[in-house]
A.B. asks: 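Have a look at this one before I ask anything.
From a predicted model like this one, the values you see are computed outputs, not experimental measurements.
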Amino acid sequence: MKLITISGPPSSGKTSVILKCIDELLQKGVKIGVVKFDCLTTDDDKIYAKKGVPVKKGLSGAICPDHYFISNIEECFEWGKSLGLDMLISESAGLCNRCSPHIKDILAICVIDNLAGINTPKKIGPMLKGADIVVITKGDIVSQAEREVYAMKVKLVNPKALIMHVNGITGQGANELANLLLKSANIDSISEKQLRFTMPAAVCSYCLGEKRIGKQYQMGNIKKIEME
């Protein structure tokens with residue numbers, strides 16, 4: 001089974017891009033499933049289900065989304081195998097711009113949009129820097145010059161990535177992306193595989209539920225600003 005990790009900031013168009021790719025893949029006879037990782041709430045699983053696509057939803061709640069993802073992806077992979085899927089897509093949002101949901105030897109895609117701000121690519125971190133493919137959305141809303149400048153900014157952050165423009169509404173570019181997904185390697189297991197980058201650091205007293213402010217309440221992995 002093929003495993004694809006797709007990530008990106010909230011509202012960048014990840015689900016729309018995935019849905020257009022699914023349309024292309026279903027026409028090619030690919031049996032595909034999706035695992036949707038989010039924090040507090042999402043109804044995207046219902047959208048996938050309406051297409052007849054097997055889907056699982058996981059909400060991290062108070063836990064770091066990255067830690068939640070990596071603690072559950074192995075079970076999700078085995079679930080996909082048990083259904084006889086040809087391909088399983090993992091969708092997760094990068095909420096802290098320090099997220100690193102990509103796995104070595106697994107095709108990694110980052111979705112960002114042209115409206116996020118010209119300096120956004122250098123702020124996203126490992127989620128963008130470690131991706132094999134960077135999909136840029138909402139190109140129909142900006143000018144050609146803006147698209148080219150934004151793509152250049154992405155290239156400066158991740159020179160090795162393939163940059164693609166996909167329209168989540170019309171589906172333009174989705175067939176090309178779907179073909180790239182089909183070329184990814186089949187794997188039997190993800191046990192013992194490694195993340196491409198370390199997770200955000202943990203654990204401090206606030207991670208464990210502390211609410212009080214003060215040095216006396218700060219324990220564990222704490223990073224302080226150097227004051228003059």
A.B. asks: Hey, could you give me the CE/CG distance between Met1 and Leu83, rounded to the nearest 0.5 Å?
C.D. replies: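 It comes to 9.0 Å.
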A.B. asks: Give a yes or no on this: more than 12 heavy atoms of other residues, nucleotides or ligands lie within 6.0 Å of atom CD1 of Ile213.
C.D. replies: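 Not buried by this count: 12 neighbours or fewer within 6.0 Å.
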A.B. asks: Flag the pair Lys28 and Asp23 as a salt bridge only when some basic side-chain nitrogen lies within less than 4.0 angstrom of an acidic carboxylate oxygen.
C.D. replies: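 Salt bridge: no.
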A.B. asks: Report whether Val53 and Leu19 are members of the same hydrophobic cluster (ILVMFWY, side-chain heavy atoms less than 4.5 Å apart, transitive linking).
C.D. replies: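 In one cluster: yes.
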A.B. asks: Output yes when a side-chain donor or acceptor of Asp132 lies under 3.5 Å from a complementary backbone atom of Ala108, and no otherwise.
C.D. replies: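 Checking the backbone N and O of Ala108 against the side chain of Asp132, a donor-acceptor pair under 3.5 Å is found.
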A.B. asks: On a heavy-atom basis, which atom in Leu88 and which in Val35 lie closest, and how many Å separate them?
C.D. replies: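 Heavy-atom minimum between the residues: CD1-CG2, 3.8 Å.
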A.B. asks: Spell out, as yes or no, whether a donor-acceptor pair under 3.5 Å connects the side chain of Lys2 to the backbone of Ser184.
C.D. replies: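 Flag set: sc Lys2 to bb Ser184 pair under 3.5 Å.
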A.B. asks: Could you grab the distance from atom CG of Leu177 to atom CD1 of Ile6, nearest 0.5 Å is fine?
C.D. replies: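 Nearest 0.5 Å value for the CG-CD1 distance: 6.5 Å.
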A.B. asks: Should Pro9 and Ile112 count as side-chain neighbours, where that means a heavy-atom distance under 4.5 Å?
C.D. replies: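 Yes, side chains in contact.
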A.B. asks: Can you tell me how far apart CG (Leu115) and OG1 (Thr137) are? Round to the nearest 0.5 Å.
C.D. replies: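 Between Leu115 CG and Thr137 OG1, I get 7.5 Å after rounding to 0.5 Å.
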A.B. asks: Under 4.5 Å between side-chain heavy atoms, counting indirect links through other Ile/Leu/Val/Met/Phe/Trp/Tyr residues: same cluster for Ile73 and Val55 or not?
C.D. replies: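 No; Val55 is not reachable from Ile73 via cluster members.
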A.B. asks: Hey, any chance Ile70 and Val34 share a hydrophobic cluster, counting ILVMFWY side chains that come within less than 4.5 Å of each other, even indirectly?
C.D. replies: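 No, separate clusters.
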A.B. asks: What distance do Met199 atom CE and Asp66 atom CG have between them, rounded to the nearest 0.5 Å?
C.D. replies: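 Between atom CE of Met199 and atom CG of Asp66 there are 4.0 Å.
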A.B. asks: State whether the side chain of Lys183 and the backbone N or O of Ala178 hold a donor-acceptor pair below 3.5 Å, judged by distance alone.
C.D. replies: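 Side chain of Lys183 to backbone of Ala178, a donor-acceptor pair under 3.5 Å: no, none is there.
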A.B. asks: Run the side-chain contact (heavy atoms from CB on, under 4.5 Å) test on Met87 and Leu182 for me, step by step, so that the C-alpha distance in whole Å, both residues' side-chain angles and the decisive distance to 0.1 Å come before the verdict.
C.D. replies: CA-CA 8 Å; Met87 181 185 299; Leu182 287 173; 4.2 Å; yes
A.B. asks: Side chains of Asp44 and Thr15: any donor to acceptor distance under 3.5 Å?
C.D. replies: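 Thr15 vs Asp44: donor-acceptor pair found between side chains.
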A.B. asks: Using the rule side-chain contact (heavy atoms from CB on, under 4.5 Å), only one of Ile109, Ile124, Leu128 pairs with Val134; which is it?
C.D. replies: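 Among Ile109, Ile124, Leu128, the one meeting side-chain contact (heavy atoms from CB on, under 4.5 Å) with Val134 is Leu128.
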A.B. asks: Determine whether a donor-acceptor pair (N or O, by modelled atom type, separation under 3.5 Å) exists between the side chain of Asn114 and the backbone of Arg147.
C.D. replies: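 Flag not set: sc Asn114 to bb Arg147 has no pair under 3.5 Å.
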A.B. asks: Could you check whether atom CG of Asp188 has more than 12 heavy atoms from other residues, nucleotides or ligands sitting under 6.0 Å from it?
C.D. replies: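 No - once you tally the heavy atoms of other residues, nucleotides and ligands closer than 6.0 Å, there are 12 at most.
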A.B. asks: Between the side chain of Lys160 and the main-chain N/O of Ala131, is any donor-acceptor distance below 3.5 Å?
C.D. replies: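 No; judged by distance alone, with no hydrogens or angles, the pair does not exist.
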A.B. asks: Looking only at the side chains, is there a donor atom on one of Ser205 and Arg212 sitting less than 3.5 Å from an acceptor on the other?
C.D. replies: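 Side chains of Ser205 and Arg212: no pair found under 3.5 Å.
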A.B. asks: Rounded at 0.5 Å granularity, tell me how far CD in Glu91 sits from CZ in Phe69.
C.D. replies: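 Glu91 CD to Phe69 CZ: 12.0 Å, rounded to 0.5 Å.
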A.B. asks: If you count every heavy atom of other residues, nucleotides or ligands that lies below 6.0 Å from Lys56 atom NZ, does the total exceed 12?
C.D. replies: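 No.
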A.B. asks: Mind checking the CD1-NZ spacing from Ile103 to Lys193? Nearest 0.5 Å is all I need.
C.D. replies: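 Separation between the atoms: 8.5 Å.
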A.B. asks: For the residue pair Tyr150 and Pro121, establish whether any side-chain heavy-atom pair is separated by less than 4.5 Å.
C.D. replies: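 Side chain of Tyr150 against side chain of Pro121, heavy atoms only: contact under 4.5 Å found.
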A.B. asks: If every non-hydrogen atom of Ala151 is compared with every non-hydrogen atom of His165, which pair is closest and at what distance?
C.D. replies: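 What the structure gives for the nearest pair is CB-NE2, 4.3 Å.
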A.B. asks: Assess the residue pair Lys104 and Leu195 against the criterion (side-chain contact (heavy atoms from CB on, under 4.5 Å)); give the C-alpha distance rounded to whole Å, side-chain angles, the decisive distance to 0.1 Å, and a yes or no.
C.D. replies: CA-CA 6 Å; Lys104 291 181 180 179; Leu195 288 166; over 6 Å; no
A.B. asks: Taking everything shown except Gln172 itself, do over 12 heavy atoms lie less than 6.0 Å from its CD?
C.D. replies: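 Atom CD in Gln172 is not crowded, with 12 or fewer foreign heavy atoms closer than 6.0 Å.
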A.B. asks: Side-chain contact test, heavy atoms from C-beta onward, threshold under 4.5 Å: evaluate it for Phe37 versus Ser60 and give yes or no.
C.D. replies: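 They are not in contact (no side-chain heavy atoms under 4.5 Å apart), so the answer is no.
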A.B. asks: For Gly130, does its backbone N or O pair with a side-chain atom of Arg196 as donor and acceptor, under 3.5 Å?
C.D. replies: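 The answer is yes, because a donor-acceptor pair under 3.5 Å joins these two groups.
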A.B. asks: Are Glu146 and Ser143 side-chain neighbours, meaning at least one heavy-atom pair lies under 4.5 Å?
C.D. replies: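 Result yes, sub-4.5 Å side-chain heavy-atom pair found.
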A.B. asks: Establish whether Ile106 and Met127 are linked, either directly or via other cluster members, by ILVMFWY side-chain heavy-atom contacts under 4.5 Å.
C.D. replies: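 Looking at the clustering, Met127 is in a separate group from Ile106.
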A.B. asks: In the structure I gave you, are the side-chain heavy atoms of Ser16 and Ile169 within less than 4.5 Å of one another anywhere?
C.D. replies: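 No. Closest side-chain heavy atoms not under 4.5 Å.
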A.B. asks: Measure from the side-chain N and O atoms of Lys36 to the backbone N and O of Ser92, and report whether any donor-acceptor pair falls under 3.5 Å.
C.D. replies: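 It does not hold such a pair.
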A.B. asks: For a quick test of reading the model, state the closest non-hydrogen atom pair linking Ser12 to Val111 and the distance between them.
C.D. replies: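 Nearest pair, atom of Ser12 first, then Val111: OG-O, 3.2 Å.
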A.B. asks: Donor-acceptor pair, Thr120 side chain versus Gly117 backbone, under 3.5 Å?
C.D. replies: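 Side chain of Thr120 to backbone of Gly117, a donor-acceptor pair under 3.5 Å: yes, one is there.
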A.B. asks: In this structure, which one of Ile18, Val30, Leu25, Ile22 forms a side-chain contact (heavy atoms from CB on, under 4.5 Å) with Leu181?
C.D. replies: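 Of Ile18, Val30, Leu25, Ile22, side-chain contact (heavy atoms from CB on, under 4.5 Å) with Leu181 is met by Leu25 alone.
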A.B. asks: Between Val166 and Lys20, is the side-chain contact (heavy atoms from CB on, under 4.5 Å) condition met? List the steps.
C.D. replies: CA-CA 9 Å; Val166 178; Lys20 293 300 182 184; 5.6 Å; no
A.B. asks: Between Arg98 and Gly125 (side chain of the first, backbone of the second, donor and acceptor by atom type, cut-off under 3.5 Å), is there such a pair?
C.D. replies: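 Answer holds: no.
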A.B. asks: Between the side chains of Gln218 and Lys224, is a donor N or O closer than 3.5 angstrom to an acceptor N or O?
C.D. replies: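 Checked: Gln218/Lys224 side chains pair up, N/O donor to acceptor below 3.5 Å.
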A.B. asks: Between Asp113 and Ala116, is there a donor-acceptor pair closer than 3.5 Å when you use the side chain of the first and the backbone of the second?
C.D. replies: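 Yes: the side chain of Asp113 pairs with the backbone of Ala116.
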A.B. asks: Which pair of non-hydrogen atoms, one from Leu59 and one from Cys39, has the smallest distance, and what is that distance?
C.D. replies: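 The pair with the smallest heavy-atom distance is CB-O, 3.6 Å.
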A.B. asks: Please give me the minimum heavy-atom distance between Tyr68 and Gly58, naming the atom from each residue.
C.D. replies: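 Scanning both residues, the minimum pair turns out to be OH-CA, 3.4 Å.
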A.B. asks: Does NZ belonging to Lys138 count more than 12 external heavy atoms closer than 6.0 Å?
C.D. replies: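 Yes, NZ of Lys138 has more than 12 neighbouring heavy atoms, counting only those of other groups under 6.0 Å.
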A.B. asks: Are Ile136 and Leu180 grouped together when hydrophobic residues (ILVMFWY) are joined by side-chain heavy atoms under 4.5 angstrom apart?
C.D. replies: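 In one cluster: no.
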A.B. asks: Check Ala174 against Cys21 and note the closest heavy-atom contact, atom names and distance.
C.D. replies: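 Where Ala174 meets Cys21 most closely, the heavy atoms are O-SG, 3.8 Å.
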A.B. asks: I'd like to know whether Trp79 forms a side-chain contact (heavy atoms from CB on, under 4.5 Å) with Glu74, so could you lay out the CA-CA distance, the side-chain angles of the two residues, the decisive distance to 0.1 Å, and finally the verdict.
C.D. replies: CA-CA 9 Å; Trp79 167 76; Glu74 185 178 19; over 6 Å; no
A.B. asks: Is any side-chain heavy atom of Leu3 less than 4.5 Å from a side-chain heavy atom of Ile190?
C.D. replies: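 In contact.
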